[in-house]
Amino acid sequence: MSEIDLPEDHPRYQSLLTRHRIEEGVEKGITSKQGLIAEGRGEAFDYLLGERTIKSADAAERAAAAQLLLADHPVLSVNGNVAALVAEEMVDLADAVDADIEVNLFNRTPERMEAIAAHFREHGVTEVKGLTADGRIPNLSHERAKVDADGIGAADVVLVPLEDGDRAEALGEMGKTEIVIDLNPLSRSAQVAAIPIVDNIIRAIPNMTAHARELQDEDEARLQEIVDAFDPETALQAAEAAIRDGELA
Ligand code: PTJ
């Protein structure tokens with residue numbers, strides 16, 4: 001039996017596990033109440049996608065892994081939903097691509113910042129970024145704009161999962177190469193990303209890590225080829241088509 005007392009081959013296993021983790025996140029002061037609403041919206045899109053990683057999402061996850069391996073200073077941004085759903089998997093990915101983890105919240109409070117940082121420390125991260133907050137994202141209201149100058153502030157490639165559109169756009173305007181994970185292909189964050197990944201974060205992160213481990217010995221030219229072969233427009237169109245025309249599993 002797993003953490004939710006259900007066999008893993010139960011047809012609704014993933015969805016129930018996700019709900020359980022988000023609920024627990026709220027109880028621990030990690031996830032915001034708005035995070036529950038965001039989860040519900042994500043689930044609806046996932047249902048329409050057949051709760052599976054579609055081919056274009058797998059290609060995006062591979063391109064994202066290559067992009068993270070190519071980066072000089074990659075940062076994985078985490079919020080309350082990400083921390084509740086995939087903390088351990090994020091730490092694995094950070095390890096595979098040698099990235100920093102930075103807490104960056106939409107509804108920023110000192111208590112949630114600390115609770116999320118502590119959660120990642122419990123998962124083995126020695127230096128969780130985001131608490132210094134000595135950098136700013138230009139053109140964003142104060143609290144949401146706070147970043148670490150030597151974290152997201154100095155990053156060349158940033159992974160921003162489940163992000164709101166404004167901040168995704170503002171980060172893009174700072175010249176960062178943005179990888180977005182969002183189940184809604186029409187969301188502004190997915191639309192502004194260099195690499196949009198339309199997949200449930202619960203599947204996306206482990207798959208990115210698997211791709212990163214498989215690609216780790218490739219040379220830069222080969223990694224760049226994989227990034228260049230990826231087209232964000234085509235990937236978003238494929239995801240939208242899967243949602244509109246797909247057959248439910
Ligand atoms: O912890 P905070 O304060 O930073 O707040 C985080 C949330 C997620 C509440 C905040 O960023 C927010 O309100 O986000 P939005 O604008 O609701 O956008 C979240 C997007 O993530 C939506 O487009 C959802 O479809 C999508 N989403 C939700 N759950 C998942 C998801 N995408 C991938 N995997 C999921 N499990």
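For ligands, and for the atoms within them, numbers begin at 1 and follow the listed sequence.
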- prompt: Between Glu23 and Arg19, is there a salt bridge with N-O shorter than 4.0 Å?
  reply: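 No, Arg19 and Glu23 are not salt-bridged.
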
- request: Could you tell me whether Arg21 and Glu24 make a salt bridge, using a distance below 4.0 angstrom between a side-chain N and a carboxylate O?
  value: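 No.
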
query: Just to confirm, does any protein heavy atom lie below 4.0 Å from atom 22 (C) of ligand 1?
result: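 Yes, there is one.
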
Taking both backbone and side-chain atoms of [X], is any N or O found less than 3.5 Å from an N or O belonging to ligand 1?
X      : value
Leu105 : no
Ser187 : no
Leu183 : yes
Asn81  : no
Arg167 : no

query: Counting only heavy atoms not in Asp98, do more than 12 fall under 6.0 Å of its CG?
result: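 Counting neighbours around CG of Asp98, 12 or fewer heavy atoms of other residues, nucleotides or ligands fall under 6.0 Å, so no.
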
field: Residue, atom name and distance, where the atom is the protein heavy atom closest to atom 24 (C) of ligand 1
entry: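 Checking every protein heavy atom, the shortest distance to atom 24 (C) of ligand 1 gives Asp182 OD1, 3.8 Å.
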
field: Nearest-contact summary for atom 36 (N) of ligand 1 - protein heavy atom, Å
entry: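 For this ligand atom, the closest protein heavy atom is Asn200 OD1, 2.9 Å.
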
Atom indices of ligand 1 within 4.0 angstrom of [X] heavy atoms, with elements:
X      : result
Gly35  : 9 (C)
Asp199 : 33 (C), 34 (N)
Gly80  : 1 (O)
Ala38  : 8 (C), 17 (O), 24 (C), 28 (C), 29 (N)
Asn184 : 23 (O)
Leu85  : 36 (N)

message: For Ile202, state whether at least one heavy atom is located under 4.0 Å from any atom of ligand 1.
response: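 Ile202 does not count as a contact of ligand 1 under the 4.0 Å cut-off.
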
message: If you take the nearest heavy atom of each of Leu162, Asp166, Asn104, Thr18, which one is closest to atom 11 (O) of ligand 1?
response: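 Among Leu162, Asp166, Asn104, Thr18, the closest heavy atom to atom 11 (O) of ligand 1 belongs to Leu162.
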
- request: Indicate the ring-plane relationship of His123 and His119, choosing parallel, tilted or perpendicular according to the 30° and 60° boundaries.
  value: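 Geometry flag for His119 against His123: perpendicular rings.
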
field: Interatomic distance, Leu85 atom CG to Thr31 atom OG1 [nearest 0.5 angstrom]
entry: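 That separation rounds to 7.0 Å.
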
- request: Please step through side chain to side chain donor-acceptor pair (under 3.5 Å) for the pair Ser187 and Asp182, ending with a clear verdict.
  value: CA-CA 8 Å; Ser187 85; Asp182 194 320; 3.0 Å; yes

query: When Asn207 is tested against each of Thr53, Asp199, Asp58 for side-chain hydrogen bond (donor to acceptor under 3.5 Å, both in side chains), which residue passes?
result: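 Testing Asn207 for a side-chain hydrogen bond (donor to acceptor under 3.5 Å, both in side chains) against Thr53, Asp199, Asp58 leaves exactly one candidate, Asp58.
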
Matching residue for Asp46 among Arg52, Arg203, Arg41, Arg12 - test: salt bridge (charged side-chain N to carboxylate O under 4.0 Å, His left out):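 That would be Arg203.
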
- prompt: Between Ile54 and Ala242, which heavy-atom pair has the shortest distance, and what is it?
  reply: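 Smallest interatomic distance, heavy atoms only, reads CD1-CB, 4.1 Å.
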
field: His73 and Asp100 side chains, donor-acceptor separation under 3.5 Å
entry: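 Side-chain D/A pair, Asp100 to His73: present.
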
- request: Quick one: look at Arg108 and ligand 1, take heavy-atom pairs under 4.0 Å, and tell me if it's side chain, backbone, both or neither.
  value: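 It is neither; nothing of Arg108 touches ligand 1.
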
